[in-house]
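One-based numbering along the sequence shown.
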Amino acid sequence: MGAKMRNVGIFAHVDAGKTTTTEQMLYQSGHIRALGSVDTGTTQTDWLDVERERGISVRAAVTRFTWKDTPINLVDTPGHVDFLSEVERSLRVMDGAVLIVSAVEGVQAQTEVIWQALRDLSIPTVIYVNKMDRIGADALAVLAQLQRLLSRQVVPVAAPVGAEAEFTGAVSVLLEEQVIGAGEQSWAEPYRRMLVEAVAEQDESLLEAYLDGQAVDDALLGRVLVEGVHRSTLFPVLFGASNRGIGVKELMDAVLTYLPAPSGSEEAPVSGVIFKMERDPVMGKISYVRLFEGVIRNRDTVLNYSRDMQDKVTQIRRVTGQKTEDIGVLKAGDIAAVYGWSRARIGDVIGAPEGVPGEKRLAVPLLTVQVQWKNEAEYPAVVAAFQELADEDPLLDLQWLQDERELHLKVMGPIQMEVLTSILLSRFKLEVSFGAPSVIYKETPASVGEGYVAYLMPKPCWAILRFTIEPGERGSGLVYKSLVRGERLLESYQNEVARRVPEALQQGLRGWEVTDLRVTLIEGEHHVWHTHPLDFVIATPMGMMNGLANTGTKLLEPLLRFRLSVPEEYGGKLMNELVLMRGEFDAPIVRQERMELEGTLPVATTLDFPARLGSMTKGRGTLTTFFAGYRECPPDVDVSRQRRGVNPLDQAKYILAVRNALSG
């Protein structure tokens with residue numbers, strides 16, 4: 001079964017025609033009888049109200065169809081940068097990817113972010129240049145841009161016939177598939193040459209034949225090309241116009257030809273991952289699982305490795321668009337919806353972790369917003385709704401300040417806030433709004449120092465800890481180790497400390513997460529009679545905060561890497577603007593009367609920049625940004641955030657609060 005199957009993700013920048021292409025695949029494979037339209041909100045994969053109203057995808061949608069006797073699980077992912085977290089979760093369950101690029105807009109911001117992630121994970125990728133029928137479509141220009149911005153190994157496997165209104169399709173430039181007619185020879189030649197040159201570089205006998213001016217063996221060319229795609233060293237390009245159904249059959253053929261089938265054995269121990277969660281009003285939580293190894297059946301009890309608990313499967317269903325069927329079994333290599341796992345969370349590893357590929361972090365929320373609700377009576381319902389949404393998207397990192405009756409969450413940008421507002425209204429019938437977004441800062445130790453705690457009162461308790469805290473490299477996160485021997489501090493207590501250190505660093509002296517530091521436990525002591533296992537849960541945050549009070553912390557702010565293109569006449573004005581925004585940039589490049597700038601900008605100064613850029617350039621400027629890490633703030637920036645719970649520096653009050661909570 002696994003060998004005759006494909007798991008493919010469809011990725012693109014917003015508006016490149018991803019959902020339309022998915023819809024055409026379902027239609028042309030005979031899976032649906034009539035085509036839906038993104039503009040009228042009738043597509044199979046965009047079925048949330050908000051997706052239909054706005055014509056954009058905000059959730060990854062799983063659908064399945066069969067092409068030439070091969071079942072294909074297709075995951076249609078969101079294209080807007082605000083929903084990058086959905087994309088990153090889909091990436092780890094794919095064996096292959098289709099990246100859609102518009103023939104008019106070419107490579108866009110999201111295209112590059114996704115491309116980089118696909119390369120980091122070595123996922124074989126086919127590129128589909130869509131919208132060849134649009135005014136301004138230029139296949140060779142897009143190919144040149146793909147080779148410049150994505151990879152030199154991007155190769156056309158077809159040559160488009162005509163362009164704009166004259167576009168009628170594409171012919172294969174692999175001669176074994178069809179003979180290019182004499183009339184087509186001349187215009188197809190540059191595409192054929194690009195393909196042969198790139199593929200020949202990967203095989204000695206092909207290279208020799210090509211350099212000697214001999215005819216190239218197309219059967220060998222095809223084999224080397226497939227091997228190159230599987231190794232992620234070649235990336236085939238096809239051309240089409242999905243809204244007219246042109247080029248979609250060739251794209252489905254290419255998925256079968258170039259993208260690999262899943263590996264994995266049904267005999268091996270169960271190993272899988274939950275990459276998407278939904279909630280059904282009747283059936284409760286639905287966990288979308290990609291199974292890499294083994295088999296799961298209805299009524300099986302399965303280990304949730306991430307939560308360290310056993311969970312029973314009540315039902316396994318295949319989901320296609322909005323229809324589901326009970327299939328009762330999920331086998332290695334396949335994807336299905338599992339019901340009955342009420343405590344599962346997105347990202348959980350099921351069974352053995354060895355078979356599950358790692359994650360690629362793309363989405364880093366840089367803004368925090370406060371939720372506001374219409375009337376006080378709805379407050380509990382709003383909290384419950386956001387808790388449910390945070391289960392489905394943990395990056396929202398919901399912070400519920402119960403004493404202040406406040407809800408805060410992390411977001412990627414303004415579109416995500418609009419979509420959350422819309423989901424609350426359509427799914428929960430609640431009206432909410434958000435306060436002005438503020439930037440998420442971080443803290444890092446300002447110097448080397450020690451943290452010490454002797455938690456000996458009120459009895460019975462006994463926990464002594466001493467840490468050294470040192471600043472780390474930018475981007476290194478937390479590095480923790482213990483030098484304490486087991487007889488001084490039992491291993492079970494040491495494990496508790498190791499678990500609590502990251503938690504204790506969630507809020508530093510100014511209330512922000514503390515990062516880029518090395519923490520070493522150099523002394524620890526328990527008492528044979530007086531120590532209670534929970535003592536180290538209480539002591540660790542006190543020791544860590546004592547250390548931070550000794551080292552002091554510096555504030556870090558998030559940075560964006562940007563690429564800006566504006567008509568030349570606005571260049572000087574924009575460079576002044578960037579300097580005022582504390583931007584740093586390389587020397588500008590002028591191309592065809594447009595000026596291009598690359599550099600870095602603090603997130604804090606860019607919140608309203610896209611809107612300002614539009615008015616400053618009469619809508620002719622384009623801005624691309626990616627997250628570029630955190631760096632130290634200038635000395636005049638000092639921002640604190642309200643703390644959740646009692647500060648461990650106020651030890652007496654903190655001990656009381658935590659002991660009450662633990663015993664309660």
Side-chain angles (χ1 to χ4, degrees), residues 12-17 56 79-84 99-116 129-131 134-151 164 362 364 366-367 412-416 418 437 439 557-629 631 634:
H13 185 91
V14 68
D15 283 343
I56 62 168
H80 198 285
V81 67
D82 281 12
F83 306 104
L84 212 47
L99 181 65
I100 301 184
V101 175
S102 158
V104 183
E105 284 86 9
V107 173
Q108 294 168 281
Q110 183 87 332
T111 323
E112 289 188 71
V113 174
I114 293 164
W115 179 260
Q116 199 46 59
V129 176
N130 187 23
K131 304 195 175 183
R134 286 255 307 276
I135 291 171
D138 183 340
L140 285 170
V142 171
L143 269 173
Q145 193 194 31
L146 290 167
Q147 288 172 339
R148 190 180 72 183
L149 293 176
L150 301 188
S151 165
E164 301 185 345
L362 304 180
V364 181
L366 303 175
L367 303 172
M412 298 284 290
I415 306 270
Q416 187 184 7
E418 287 177 37
V439 174
E557 65 176 349
L559 284 188
L560 295 174
R561 178 145 201 85
F562 73 87
R563 185 180 300 125
L564 188 58
S565 167
V566 294
E568 223 181 320
E569 65 263 31
Y570 300 117
K573 192 166 145 191
L574 262 150
M575 282 158 77
N576 287 338
E577 187 69 17
L578 291 170
V579 170
L580 289 173
M581 291 161 66
R582 297 193 282 120
E584 294 172 8
F585 46 89
D586 308 329
I589 296 168
V590 177
R591 277 201 190 106
Q592 295 148 353
E593 297 177 4
R594 284 183 78 84
M595 188 167 112
E596 294 185 6
L597 280 164
E598 287 198 30
T600 55
L601 276 169
V603 173
T605 60
T606 57
L607 294 180
D608 59 348
F609 182 52
R612 288 209 315 275
L613 176 69
S615 57
M616 285 165 71
T617 61
K618 303 197 167 48
R620 291 171 62 208
T622 61
L623 174 70
T624 306
T625 58
F626 320 89
F627 171 59
R631 72 154 181 214

Please check: side-chain N/O of [X] versus main-chain N/O of [Y], any donor-acceptor pairing under 3.5 Å?
X	Y	result
Arg594	Ser565	yes
Glu164	Gly136	yes
Glu568	Val590	no

Just so I know, are the side chains of [X] and [Y] near enough to count as touching, which here means a heavy-atom distance under 4.5 Å?
X	Y	value
Phe562	Leu578	yes
Val566	Leu613	yes
Arg631	Glu557	yes

How far apart are the closest heavy atoms of [X] and [Y], and which atoms are they?
X	Y	result
Pro602	Gly583	CD-N, 4.5 Å
Leu574	Phe609	CD2-CZ, 3.9 Å
Ala103	Val142	O-CG2, 3.3 Å
Val104	Ala137	CG2-N, 4.1 Å

Distance, nearest 0.5 Å, that separates [atom1] of [X] from [atom2] of [Y]:
X	Y	atom1	atom2	result
Ser102	Ile100	OG	CD1	10.5 Å
Glu577	Met616	CD	CE	4.5 Å
Leu601	Arg582	CG	CZ	9.5 Å
Phe585	Glu596	CZ	CD	14.5 Å

In terms of heavy-atom contacts, does CG of Leu580 have more than 12 from other residues, nucleotides or ligands at under 6.0 Å?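 Enclosed: over 12 neighbouring heavy atoms sit under 6.0 Å from CG of Leu580.
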